[in-house]
Protein chains: 2
Amino acid sequence: MRPLFHPALEDIKPEAILYALSDPERVAIYAKLAGASSGGTCSALADLGDRVIPKSSLSNHFKVLRESGLILSERQGVEMRNQTRCTELDERFPGLIKAILTAYGQLPVQPKTD
Amino acid sequence: MRPLFHPALEDIKPEAILYALSDPERVAIYAKLAGASSGGTCSALADLGDRVIPKSSLSNHFKVLRESGLILSERQGVEMRNQTRCTELDERFPGLIKAILTAYGQLPVQPKTD
DNA sequence: TCAACAGTTCCGAATTTCTGAACTATGGAA
DNA sequence: TTCCATAGTTCAGAAATTCGGAACTGTTGA
C-alpha cells in the first residue's frame with residue numbers, strides 16, 4: 001500500500017477544498033468526522049442512513065478529503081483513524097469551512113477554541 | 001434557443017455553488033464579474049491572461065454559474081449581460097461567497113489590522 | 001501459519017467534461 | 001426586406017473522471 005499523501009498547509013488549494021465538499025456524501029462524512037470526538041474510521045462512517053456507501057467508494061471519498069487537505073488519516077493498528085484539519089485550515093482560509101458547513105446545514109458543534 | 005434557467009433563491013443548493021466554484025477558471029470569471037461595475041458579457045471575460053477560453057467552454061462556464069444560482073444572465077440586444085446574485089446569496093448562505101473568494105485571494109478586501 | 005478484518009487498488013462501465021463546428025438570435029446597413 | 005456581422009448556444013465525439021465489485025495488502029490475534 002502506498003503511503004498516504006497529506007498536503008502541507010501552505011500547499012492546500014481552495015479548488016481542492018471546494019471540489020471535495022461539492023459532494024454531499026463527502027460533506028456528510030466530513031461533518032460526522034468534525035462532530036465525532038472519536039477518530040472516525042471508514043467503516044464507522046459508511047452508513048449514511050438512506051444508503052450504505054460501498055467500501056471502494058468510501059475509500060476514494062477519504063482519499064479526496066485527505067488529498068485536498070481536509071482530513072488527516074493515520075493507520076492505527078488494523079484500522080484508519082481520521083480527523084479533520086479544521087483548526088489549521090481555518091488559519092489558512094478563515095471562515096471557509098464554517099461557512100460551507102453552515103450552508104449545508106451541517107455545522108455540528110461550535111469550533112473548538114482550545 | 002432555450003430560455004435560460006435561473007433557480008429560485010430557495011432552490012439554490014450549496015453543492016452546486018461549491019461545484020461551480022471548484023474550477024479556478026470559473027472563479028476567475030465570477031470574480032471579474034463581481035468586481036466589474038458593468039454587466040460583463042461573455043466575450044469580455046474570455047481572456048484569462050494566460051489563455052483564452054474557447055467560446056463553447058465559456059458558454060458552458062456561464063451555464064454552470066447561472067444554474068448553480070451564482071449569476072443572473074439576461075440578453076440585452078445582441079449580447080448577454082451577466083451579474084452576480086451575491087446580495088441574495090449572502091442572505092441564503094451567509095458569508096459563504098465572501099469566504100470562498102477570500103480563500104482564492106480574489107476578494108479585494110481591506111487589509112486586516114491585527 | 002492461518003483466519004478475520006479494515007481499508008486500498010485495480011479495472012471496466014457509466015458518466016461527465018471539453019471544444020471545434022454548426023447553428024440561432026439580434027441589430028444594423030443597404 | 002435581405003444580407004452581413006457579432007454574441008452566444010447547441011451538437012457531437014474524443015478525452016478524462018467517477019463509480020463500485022472483485023481482488024489485493026497490511027495488521028492483529030489465535
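Letters A, B, ... mirror the listed sequences (proteins, then strands); counts begin at 1.
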[Y] side chain reached by [X] side chain, heavy atoms, under 4.5 Å:
| X | Y | answer |
| --- | --- | --- |
| B:Arg85 | B:Leu70 | no |
| A:Glu79 | A:Cys42 | no |
| A:Ile71 | A:Gln83 | no |
| A:Pro14 | B:Ile100 | no |
| B:His61 | B:Asp23 | yes |
| A:Arg51 | A:Pro54 | yes |

Rounded off to whole Å, could you give me the [atom1]-to-[atom2] distance for the [X] and [N] pair?
| X | N | atom1 | atom2 | answer |
| --- | --- | --- | --- | --- |
| B:Ile53 | D:dT9 | CD1 | C1' | 16 Å |
| B:Asn60 | C:dG20 | CG | P | 14 Å |
| A:Leu4 | C:dG7 | CG | P | 12 Å |
| A:Leu45 | C:dA6 | CG | P | 13 Å |
| A:Lys63 | D:dC19 | NZ | C1' | 14 Å |
| B:Glu74 | C:dT26 | CD | P | 14 Å |
| A:Met80 | C:dC5 | CE | P | 19 Å |
| B:Arg81 | D:dT6 | CZ | C1' | 14 Å |

Could you pull out the protein-nucleic contacts involving nucleotides 11-14 of chain C (nitrogen or oxygen on both sides, under 3.5 Å)?
none

> Nucleotide by nucleotide, 5' to 3', does protein get under 4.0 Å of the base (B), only the sugar-phosphate (S), or neither (-) in nucleotides 22-30 of chain D, counting heavy atoms?
Replying inline: B--SBBS--
> Base, sugar-phosphate, or nothing for A:Ser57, non-hydrogen atoms under 4.0 angstrom?
Replying inline: base
> Between CG of A:Leu72 and CG of A:Leu65, what distance do you get to the nearest 0.5 Å?
Replying inline: 12.0 Å
> How many angstroms lie between CD in B:Glu88 and CD1 in B:Ile97, if you round to the nearest 0.5 Å?
Replying inline: 11.5 Å
> Do the side-chain N or O atoms of B:Arg51 get closer than 4.0 angstrom to the phosphate oxygens (OP1, OP2) of C:dT19?
Replying inline: yes
> Closer than 4.0 Å, any side-chain N/O of A:Ser59 to the OP1 or OP2 of C:dG7?
Replying inline: no
Examine distances only and state if a side-chain atom of [X] and a backbone atom of [Y] form a donor-acceptor pair shorter than 3.5 Å.
| X | Y | value |
| --- | --- | --- |
| B:Asp90 | B:Gly95 | yes |
| A:Tyr104 | A:Leu21 | yes |
| B:Arg66 | B:Leu4 | no |

> What parts of residues 12-22 of chain B reach DNA chain C, counting only heavy atoms under 4.0 Å away?
Replying inline: B:Tyr19
> Stepwise, does the side-chain contact (heavy atoms from CB on, under 4.5 Å) test hold for B:Ile17 with B:Leu89?
Replying inline: CA-CA 10 Å; B:Ile17 300 289; B:Leu89 261 179; 4.1 Å; yes
>> Closest-nucleotide mapping onto DNA chain D: is A:Pro54 or B:Leu58 further toward the 5' terminus? I mean the 5' end.
In response: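 Per heavy-atom nearest nucleotide, the more 5' residue is B:Leu58.
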> Relative to the 5' end of DNA chain D, which residue comes earlier, B:Pro3 or A:Arg26, by the nucleotide with the nearest heavy atom?
Replying inline: B:Pro3
